[in-house]
Amino acid sequence: MTNHAGFAADDAVTAAVPVQAAQGGRHFPPFLAPPSRLTDCKKAAAHVDLAGAGGVATVPGSWPRHAKPVSGAELEDWMEKHPSALAWFESVAAAAKGKEIVVFLDYDGTLSPIVADPDRAFMSDEMREAVRGVAKHFPTAIVSGRCIDKVFDFVKLEELYYAGSHGMDIRGPTAAASEYNHNMKAKQGDAVTFQPAADFLPVIEEVYQVLKERMASIRGSLVENNKFCLSVHYRCVDEAEWGVLDGKVRAVIEGYPDLRLSKGRKVLEIRPVIDWDKGSALQFLLKSLGYEGRNDVFPIYIGDDRTDEDAFKVLRNMGQGIGILVTKVPKETAASYTLREPSEVKEFLRKLVKIKINGDKGLIGK
């Protein structure tokens, strides 16, 4: 299988060994005390993830195929450092006891499966109810690379905070959802809005038009305008064309020094050169909610993409809360825990709601 220079970096951090192959590690993730006990697209279209999105076609092997295998010892070591958040849920709950939980969720690959057509990345009704349940008890935000309007159209929950375009477009819950603004004034939630990259809108639109023209000759490519950033999807592009696509995108971006290029899961991301990312959005929302500088807050950030690492790093530097990486294979990450797929994310969210409802009998005091 040919390795393409433009895509090698992301592949190097991925290992083609399922996470479920190693469980039962004894490593205690940062910030937590030891628990009491450990309680081609045609082919893609033929694969249906019934548990994830009600029959939407998903792509097998979402991570890059140029993977480095790891030995049993290496896999075990990785799982010790990044154990399952479900298997260790008691430990997570104990660490959050008496603190204010704030939940941050990526969308694609976290709440919905990765699919061949980005416009069909629907979340299941069960997942939506799980997120709705969490939002009733904890401030909850969706932090996505998608345009904020597009991710809202997928999620359809007005009671959430939304940070679209990798956190460069932020807004709070609507007035109609004020009953969900627990632990804060409804008006305060409504006032949360921020667009740190607003000055870049003209250049983003210009580059979008150029990229659409340049990508027209590459079958299967898709250029997505996420308002404050752009995404060039190549999941349905023949692998022999990956290098060509990469070269064309880079050639365009070279003419725009105020934009930078990064890589996600079968997607190239173009963003403004500003000191702002998903980690910045997490910090902004915590401050807007009145949690800045407090030691009684427990942020939980769940995501599956390289861009989510910025948020994981923020939590590590804070020494508060946890980051949870959604992955089926070992991968370099700053997250403390892992979940294998959106169905496990759904189960984790349901567990959070359960311990809140059963507060007197459960582990969380607030």
Side-chain angles (χ1 to χ4, degrees), residues 1-12 14 40-45 57 59 61-66 107-109 114-121 144-151 153-154 164-169 195-274 276-278 305-307:
M1 185 174 294
T2 304
N3 203 343
H4 303 289
F7 300 88
D10 191 49
D11 305 335
T14 305
D40 172 83
C41 281
K42 290 183 179 178
K43 293 181 180 179
V59 180
S62 295
W63 290 98
R65 288 172 287 180
H66 309 298
Y107 184 75
D108 294 274
I114 297 295
V115 297
D117 182 355
D119 290 332
R120 294 186 58 80
S144 172
R146 299 268 197 165
C147 165
I148 196 170
D149 292 330
K150 183 171 290 186
V151 73
D153 286 343
F154 280 134
S165 302
H166 296 288
M168 290 181 285
D169 192 6
Q195 297 180 337
D199 293 342
F200 290 87
L201 283 174
V203 70
I204 290 291
E205 177 60 28
E206 178 180 330
V207 173
Y208 172 61
Q209 298 300 333
V210 173
L211 284 173
K212 280 202 307 180
E213 180 183 348
R214 301 292 174 84
M215 293 298 107
S217 62
I218 301 182
R219 185 176 181 179
S221 65
L222 174 66
V223 183
E224 184 178 16
N225 189 337
N226 294 309
K227 190 172 182 177
F228 294 100
C229 59
L230 303 172
S231 300
V232 180
H233 300 271
Y234 60 92
R235 185 170 300 279
C236 291
V237 174
D238 189 290
E239 187 173 353
E241 294 292 312
W242 287 4
V244 176
L245 180 146
D246 181 71
K248 287 189 174 185
V249 172
R250 291 179 185 276
V252 171
I253 302 307
E254 284 178 0
Y256 297 88
D258 290 336
L259 301 179
R260 62 187 174 96
L261 182 66
S262 61
K263 183 174 180 291
R265 298 177 64 176
K266 298 293 188 346
V267 61
L268 296 177
E269 305 276 6
I270 296 95
R271 288 184 275 171
V273 180
I274 60 172
W276 196 268
D277 50 41
K278 288 185 176 182
D305 194 70
R306 171 175 289 186
T307 57

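- Of the possible donor and acceptor atoms, none in the side chain of Y234 sits under 3.5 Å from a partner among the backbone N and O of L268.
- At a threshold of 4.5 Å between non-hydrogen side-chain atoms, the residues L222 and V232 do not count as touching.
- Looking at every heavy atom in both residues, I204 comes nearest to K227 through CG2-O, 3.3 Å.
- In this structure the side chain of I270 reaches within 4.5 angstrom of the side chain of V249, judged on heavy atoms.
- Considering all non-hydrogen atoms of both residues, R146 and S144 come closest at N-OG, 2.9 Å.
- A donor-acceptor distance shorter than 3.5 angstrom exists from the side chain of S221 to the backbone of M215, with no hydrogens or angles considered.
- In this structure, the separation between CZ on R271 and OG on S262 is 4.0 Å, given to the nearest 0.5 Å.
- When all heavy atoms are compared, the tightest approach of V267 to S231 is CG2-CB, 3.7 Å.
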Evaluation steps, side chain to side chain donor-acceptor pair (under 3.5 Å), between E213 and Q209: CA-CA 6 Å; E213 180 183 348; Q209 298 300 333; over 6 Å; no
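- Within the 3.5 Å criterion, the main-chain N or O of F228 finds no donor-acceptor partner in the side chain of N226.
- Between I218 and V244 there is a side-chain heavy-atom pair separated by less than 4.5 Å.
- Annotation for P257 and V273: closest pair O-CG2, 3.8 Å, computed over non-hydrogen atoms.
- Atom CD of E206 sits about 10.5 Å away from atom CG of L211, to the nearest 0.5 Å.
- To the nearest 0.5 angstrom, L261 atom CG is 7.0 Å from D246 atom CG.
- How far CZ of R260 is from SG of C229: 10.0 Å, rounded to the nearest 0.5 Å.
- The two residues R214 and V252 have their closest heavy-atom pair at NH1-CG2, 3.4 Å.
- Put simply, CZ on R306 and NZ on K263 are 7.0 Å apart, with the number rounded to the nearest 0.5 Å.
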Steps toward side-chain contact (heavy atoms from CB on, under 4.5 Å) verdict (I274, M168): CA-CA 10 Å; I274 60 172; M168 290 181 285; 3.9 Å; yes
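- To the nearest 0.5 Å, atom SG of residue C147 and atom CG of residue L230 are 11.0 Å apart.
- Side-chain N or O atoms of D277 include none that pairs as donor or acceptor with a backbone N or O of T307 at under 3.5 Å.
- Of all the heavy atoms in Y256 and V210, the pair that sits closest is OH-CG2, 4.2 Å.
- Two residues are said to be in side-chain contact when any heavy atoms from C-beta on lie closer than 4.5 Å; Q195 and F200 fail this criterion.
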From CA spacing to verdict: side-chain contact (heavy atoms from CB on, under 4.5 Å), V207, L259: CA-CA 10 Å; V207 173; L259 301 179; 3.5 Å; yes
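- Proximity of a side-chain donor or acceptor of R235 to a complementary backbone N or O of R265 within less than 3.5 Å is detected.
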